[in-house]
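Please see the structure below; I have some questions.
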Amino acid sequence: MSRTLTPARRRTAAAALTAALLVPLAACSSNDDTKKDTAGSPASGSASAAPKANLTVLAAASLTNVFKTAGAAYEKSHPGTKLTFSFAGSQELVAQVAQGSPADVLVTADTKSMDKVKADTGTPAIIAKNRLVIATGEGNPFKVDDLKDLADTKLKVVLAAPEVPAGKYSKQVLDAQKITVKPVSQEPNVRAVLSKVELGEADAGLVYKTDAESAKDKVDAVEIPDDQNAIAQYPAATLKDSKNAEAAAAFVAWLSSPEGQKILQDAGFQKP
């Protein structure tokens, strides 16, 4: 089922926006699926039967590192498909889809963002989960031990903006503990929060565990107890306007396969 074609001017503007964010990978191939209104199946896929295609994947910023690794692995095992990733905050990705941006797959860092474009996607599949940690400078120079320490007005704290999934999760955990934090800035995505801490422009920030892990030589991660934390879910879905429906569904299915799951979990993501 396709949605109404967007006007040419709208398509052109959306394509320009996507192109500005695209992160290309090396070429190779795809996986197998039937063309239907679902996230994709079968999970295992057959490289020999997989359709070849150039796929554009819109993915949450917190997936930047792991999807580069996953994309390279997918291309290697599926010769003929090229994956191009566009990483941004989930709210930005949803806006691109709503504007008719040409893409094949959408992966967000929360289900609410995906729900906003459910008329434009196949049925989503949760491919991974994540959790928050407090990122501090290397060696934790300000001795941040828990969420309550973030309320110290002498501490420069950065958070993701409220409309970003990481920002929503941060607000959720802070509100639950009745902790008021006055951030020095609110960033457009979680990777920007991490960058501020890495560069010493902030003393602490709430990021996903996987983000802190990706920069463990530059930041320390202070764990947040399970009963005070929030679990982030990552849904993946094909886009109905994709010109490569079978190949897109095959890639989404592969993310839930043993190979895809091993890459995600090796990067610190939790099982879906």
Side-chain angles (χ1 to χ4, degrees), residues 21 23 25 31 38-41 43 55-71 73-74 83-97 103-118 120-133 160-161 163-173 188-194 206-214 224 226 229-239 248-272:
L21 294 169
V23 181
L25 286 176
N31 209 336
T38 63
S41 111
L55 298 178
T56 297
V57 181
L58 306 180
S62 52
L63 294 165
T64 299
N65 289 46
V66 70
F67 263 24
K68 288 178 181 179
T69 300
Y74 189 81
L83 296 174
T84 301
F85 292 109
S86 176
F87 297 107
S90 295
Q91 80 288 352
E92 294 180 41
L93 302 177
V94 165
Q96 290 181 52
V97 171
D104 304 287
V105 174
L106 173 66
V107 189
T108 61
D110 67 334
T111 57
K112 289 184 178 179
S113 293
M114 184 67 76
D115 286 345
K116 291 179 180 178
V117 288
K118 61 184 178 182
D120 303 307
T121 71
T123 303
I126 303 299
I127 61 162
K129 294 181 180 179
N130 214 338
R131 55 182 292 154
L132 294 177
V133 297
E163 62 271 18
V164 182
K168 295 175 185 176
Y169 294 130
S170 297
K171 184 178 187 305
Q172 178 183 327
V173 300
N189 61 68
V190 72
R191 299 294 286 199
V193 174
L194 180 68
L206 287 173
V207 302
Y208 297 120
K209 184 175 183 177
T210 52
D211 292 307
E213 179 66 19
S214 73
I224 300 172
D226 288 345
N229 216 324
I231 301 298
Q233 298 189 83
Y234 290 74
T238 57
L239 292 173
F251 175 67
V252 171
W254 179 86
L255 291 171
S256 294
S257 74
E259 183 182 6
Q261 284 296 296
K262 184 178 188 304
I263 292 170
L264 285 162
Q265 290 164 32
D266 284 350
F269 287 87
Q270 299 174 19
K271 293 180 180 180

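Residues: numbered from 1 along the sequence shown. Reckoned from all heavy atoms, side chains included, excluding hydrogens, waters and symmetry mates.
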- Are Leu55 and Thr84 close enough that some pair of their side-chain heavy atoms sits under 4.5 Å apart? no
Should the pair Phe85 and Phe67 be assigned to parallel (<30°), tilted (30 to 60°) or perpendicular (>60°) ring geometry? tilted
*Is there side-chain contact between Val173 and Leu132, with heavy atoms separated by less than 4.5 Å?*
yes
With a 4.5 Å cut-off on side-chain heavy atoms, are Pro165 and Tyr208 touching?
yes
Item checked: Distance-only side-chain donor-acceptor flag, Ser62 / Tyr234, under 3.5 Å -> yes
Any side-chain donor near an acceptor of the partner, Ser214 and Asp211, under 3.5 Å
no
Of all heavy-atom pairs linking Val133 and Ala212, the shortest is CG2-CB, 3.8 Å
Check your understanding: Does some side-chain heavy atom of Leu58 sit less than 4.5 Å from a side-chain heavy atom of Val97?
Key -> yes
For Pro124 and Pro235, the nearest pair of non-hydrogen atoms, with its separation, is CB-CB, 3.9 Å
Would you mind reporting whether Gln261 and Pro272 have side-chain heavy atoms less than 4.5 Å apart?
-> yes
Heavy-atom closest pair (Glu213 atom, Ala267 atom, distance to 0.1 Å) is CG-O, 4.3 Å
Check against side-chain hydrogen bond (donor to acceptor under 3.5 Å, both in side chains), Thr210 and Asn130: CA-CA 7 Å; Thr210 52; Asn130 214 338; 2.8 Å; yes
Distance col, row Met114:CE vs Gln233:CD, nearest 0.5 angstrom, shows 11.5 Å
Of all heavy-atom pairs linking Ala236 and Val252, the shortest is O-CG1, 4.0 Å
Please walk me through it: do Val164 and Ser90 pass side chain to side chain contact (heavy atoms under 4.5 Å, CB included)? CA-CA 7 Å; Val164 182; Ser90 295; over 6 Å; no
ask   = Quick one: does Glu92's side chain get under 4.5 Å of Pro188's, heavy atoms only?
value = yes
Thr108 side chain near Lys116 side chain, heavy-atom distance below 4.5 Å: no
Interatomic distance, OH@Tyr74 vs CZ@Phe251, rounded to 0.5 Å, equals 7.0 Å
To the nearest 0.5 Å, atom CZ of Arg131 lies from atom CD1 of Ile231 at 5.5 Å
Next on the checklist: Applying side chain to side chain contact (heavy atoms under 4.5 Å, CB included) to Ile127 and Val107, what does each step give before you reach the verdict?
Outcome noted: CA-CA 9 Å; Ile127 61 162; Val107 189; 4.0 Å; yes
Considering only heavy atoms from C-beta outward, does the side chain of Ile224 approach that of Leu206 to under 4.5 Å? yes
Separation between CG (Leu63) and CG (Leu264), nearest 0.5 Å, reads 7.5 Å
Value for NZ (Lys209) from NZ (Lys129), rounded to nearest 0.5 Å, stands at 14.5 Å
What one should report as the nearest heavy-atom pair of Ala70 and Trp254 is O-CH2, 3.4 Å
Interatomic distance, CD@Gln270 vs CD@Gln265, rounded to 0.5 Å, equals 9.5 Å
